[in-house]
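Input: a single structure, listed below in structure tokens.
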Amino acid sequence: ASLKIDLGSRSYNIYIEAGILKNLRNYIKNYEVAIITDDIVENLYGDKLVEALGDVLIPKYVIPSGEGSKNIAVVEEILQFLSDHKIPRNGGIISFGGGVVGDIAGFCSSIYMRGIDYYQIPTTLLAQVDSSVGGKTGINLPQGKNLIGSFHQPKAVIIDPDFLKTLSPSQIRSGLGEVIKYGIIDNYPFLRYIEENLNGIKNCNGKVLEEIIKTSCEIKAMIVSKDERETGLRKNLNFGHTIGHALETLTHYQQYSHGEAVLVGMFYETKIAEFLGLVSKGYSKEIYCLIRKTDIDTNINLNYEEILMATHSDKKNKDGKISFILPTNKGLVNELFFSTEILKGVLKEVLTIE
Ligand code: NAD
Ligand code: ZN
């Protein structure tokens, strides 16, 4: 399947097909490129990628896998690497890996020589359904996640679901977090489809995964095409992320993968919506059930005051108020702002360990 992100002169396509890697040169014509990948992906698929690119000598920079690489020191190393290998102004970067590689490689391509082309070849479910699409790039500061970054759209996103066969159950669950999010914010029938095909997803059934990736990318493409810079509609993608980011920061990215933190975040943010009477008991129960069926542990060993503190560095906050995207109805969400005082009371109610 092929989908279009419609952004005028910055438009590009997403190509989704099992085995598409073999035909990579149909989509990447640029020969003055460098590959950025991580050590795990390099070991699993490094040779396959080079073969698909025609076995030409392509400079490749391999970073250590994991969120810890999303920092300014790694960015500097990559920029020097690009310069050492004389990647020109009209050259490009091939980002080959999960969301971490995509975020760093995208960021580097947005600042190297004031911006060069990049191509996304995402290899995790999370990256295939979410982070490779939409042009958000970034790295972390000790003060918080993704505090440095840019909007820089790729030239193309090439998605091969065959990569997902080597993911662990927890990595599949991580992608599933963002997939469930799409259902809740935009598409109730899709939410039902996910529930009905949960075993297929967990077992990496090719057909089911391709369908899930396609619909997720359609939803993200629609949202990004309407609101590239997150002034309105795109904010809805942050459902589950206010608490999710707080959990990631507080546990130093050790306890949860990103999508797992989002699953737990959606669980408690739905509780907030229910507590405030924004959403019906029946529907919120459906959401809790589906989240629990992913086998995520929704108990958090943190108190509400820690979570409250951590939500203060959220990028969405405005005038000292903390932003939440909350479900209101099937396939609908709404942004609400809370003062610290009000939020403290709400979190105290909602974050009691069951
Ligand atoms: P990741 O890139 O760390 O990948 C997870 C692990 O899987 C890594 O150890 C990686 O080496 C390994 N891996 C990758 N492909 C594999 C494969 N095919 N088989 C086996 N192992 C493989 O993490 P992620 O979950 O892909 O992405 C999370 C990151 O994405 C976070 O930093 C998050 O902030 C970012 N993100 C960005 C956006 C965006 O719009 N830019 C959206 C969502 C998330
Ligand atoms: Zn996310």
Side-chain angles (χ1 to χ4, degrees), residues 5 21 36-46 48-49 62-71 74 95-107 110 118 120-140 144-154 157 159-182 185 204 209 216-217 220-221 223-224 228 230 234-245 247-249 253-254 256-266 315-316 325:
I5 307 270
L21 188 73
I36 313 288
T37 189
D38 75 21
D39 49 6
I40 293 181
V41 179
E42 168 62 14
N43 283 333
L44 287 167
Y45 302 109
K48 280 206 172 102
L49 176 65
V62 182
I63 64 174
S65 92
E67 186 74 25
S69 281
K70 270 178 69 169
N71 66 61
V74 171
S95 154
F96 188 52
V100 165
V101 167
D103 278 10
I104 305 174
F107 182 59
S110 78
Y118 76 118
Q120 290 276 24
I121 309 179
T123 61
T124 63
L125 182 59
L126 182 124
Q128 296 193 345
V129 298
D130 187 3
S131 63
S132 67
V133 174
K136 272 196 188 180
T137 82
I139 55 171
N140 304 326
K145 212 176 137 63
N146 298 334
L147 289 182
I148 302 178
S150 60
F151 287 98
H152 187 56
Q153 301 292 342
V157 183
I159 299 180
D160 193 335
D162 279 350
F163 288 127
L164 307 182
K165 290 172 185 157
T166 47
L167 294 179
S168 67
S170 137
Q171 287 162 342
I172 292 286
R173 187 184 308 122
S174 181
L176 190 52
E178 304 283 8
V179 170
I180 290 173
K181 180 190 77 180
Y182 290 125
I185 68 171
C204 281
L209 283 177
S216 298
C217 286
K220 183 135 188 200
I223 292 175
V224 170
E228 183 183 12
E230 195 167 320
R234 188 166 182 171
K235 288 187 192 168
N236 290 352
L237 293 169
N238 291 311
F239 172 51
H241 283 62
T242 305
I243 290 184
H245 280 165
L247 292 174
E248 284 184 280
T249 309
Y253 310 105
Q254 297 299 307
Y256 306 96
S257 63
H258 175 70
E260 288 178 327
V262 171
L263 278 169
V264 180
M266 292 192 295
K315 286 193 301 301
K316 302 181 295 302
I325 304 295

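In listed order, ligands and their atoms are each counted from 1.
The parts of Lys136 lying near ligand 1 are both backbone and side chain, judged by heavy-atom distances below 4.0 Å. When non-hydrogen atoms are compared, ligand 1 lies under 4.0 Å from the side chain of Leu44 (C-beta onward) but not from its backbone. Of all the heavy atoms of Asp103, the ones lying under 4.0 Å from any atom of ligand 1 belong exclusively to the side chain. When non-hydrogen atoms are compared, ligand 1 lies under 4.0 Å from the side chain of Lys220 (C-beta onward) but not from its backbone. Only the side chain of Leu126 comes within 4.0 Å of ligand 1, judged by heavy-atom distances. Residue contacts with ligand 1, taken as heavy atom pairs separated by less than 4.0 Å, involve Asn146 solely via side-chain atoms from C-beta onward.
Contact between Ser131 and Gly99 at its shortest, heavy atoms only, is OG-CA, 3.4 Å. Scanning both residues, Ser150 and Phe107, for their nearest heavy atoms gives OG-CD1, 3.8 Å. In terms of heavy-atom proximity, Leu125 sits nearest to Leu176 at CD2-N, 3.9 Å. When all heavy atoms of Ile172 and Leu164 are compared, the closest pair comes out as CD1-O, 4.3 Å. Between Arg234 and Gly134, the shortest heavy-atom distance links the atoms NH1-O, 3.1 Å.
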Stepwise side-chain contact (heavy atoms from CB on, under 4.5 Å) check, Val101 with Phe96: CA-CA 7 Å; Val101 167; Phe96 188 52; 5.5 Å; no

- Task: Evaluate the criterion side-chain contact (heavy atoms from CB on, under 4.5 Å) for residue pair Gln171 and Thr124; output intermediate values, then yes/no.
- Result: CA-CA 7 Å; Gln171 287 162 342; Thr124 63; 5.8 Å; no

Gln153 vs Lys136, side-chain contact (heavy atoms from CB on, under 4.5 Å): CA-CA, chis, key distance, verdict:
CA-CA 7 Å; Gln153 301 292 342; Lys136 272 196 188 180; over 6 Å; no

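Remark: side-chain polar atoms of Asp38 are paired, donor with acceptor, to backbone N or O of Val41 under 3.5 angstrom. Judged by distance alone, with hydrogens and angles left aside, the side-chain atoms of Tyr45 form a donor-acceptor pair with the main-chain N or O of Phe163 at under 3.5 Å.
At the top of the distance list for atom 4 (O) of ligand 1, counting protein heavy atoms only, stands Thr124 CG2, 3.6 Å. Among all non-hydrogen protein atoms, the one lying nearest atom 15 (N) of ligand 1 is Thr123 OG1, 2.8 Å. The protein non-hydrogen atom at the shortest distance from atom 22 (C) of ligand 1 is Leu167 CD2, 3.7 Å. Scanning the protein heavy atoms around atom 10 (C) of ligand 1, the nearest turns out to be Asp38 OD2, 3.3 Å. Protein heavy atom closest to atom 42 (C) of ligand 1, with residue, atom name and distance, is Ser131 CB, 3.4 Å. Scanning the protein heavy atoms around atom 30 (O) of ligand 1, the nearest turns out to be Gly99 CA, 3.3 Å. Ranking the protein heavy atoms by distance from atom 9 (O) of ligand 1 puts Ser65 OG, 3.4 Å first. Nearest protein heavy-atom contact of atom 6 (C) of ligand 1 is Gln171 NE2, 3.2 Å.
Checked by atom type, the side-chain pair Tyr118/Thr137 shows no donor-acceptor distance below 3.5 Å. Judged purely by distance below 3.5 Å, without hydrogens or angles, the side chains of Gln120 and Ser95 pair a donor atom with an acceptor atom.
Close approach of ligand 1 to Val100 is summarised as follows: ligand atoms under 4.0 Å from at least one heavy atom of the residue are 1 (P), 2 (O), 3 (O), 27 (O), 29 (C), 32 (O). If you number the atoms of ligand 1 from 1 as listed, the ones under 4.0 Å from a heavy atom of Asp130 come out as 42 (C), 43 (C). The Ile40 neighbourhood of ligand 1 comprises atoms 9 (O), 11 (O), 21 (N), with distances under 4.0 Å to a heavy atom of that residue. For ligand 1, the atoms sitting less than 4.0 Å from at least one non-hydrogen atom of Lys145 are 31 (C), 32 (O), 33 (C), 34 (O), numbered in the order shown with element in parentheses. Listed by number with element, the atoms of ligand 1 under 4.0 angstrom from any heavy atom of Glu67 are 31 (C), 32 (O). The atoms of ligand 1 that sit less than 4.0 Å from any heavy atom of Tyr45 are 18 (N).
Of the polar atoms of Val133, none of the N or O atoms is found under 3.5 Å from an N or O of ligand 1, judged by distance alone. In terms of polar-atom proximity, Thr166 is counted as a contact of ligand 1, with an N or O under 3.5 Å from an N or O of the ligand.
Between Ile36 and Ile104 the shortest side-chain heavy-atom distance does not fall below 4.5 Å. Annotation: side chain of Ile223 is in contact with side chain of Leu237 (closest heavy-atom distance under 4.5 Å).
With salt bridges taken as basic N to acidic carboxylate O contacts below 4.0 Å, one links Glu67 and Lys145.
Looking only at protein N/O/S atoms, the ones less than 2.8 Å from the Zn ion (ligand 2) make 3 in total.
Not counting sequence neighbours, the partners of Asp130 by the side chain to side chain contact (heavy atoms under 4.5 Å, CB included) test are Glu178, Lys181, Tyr182, Lys220.
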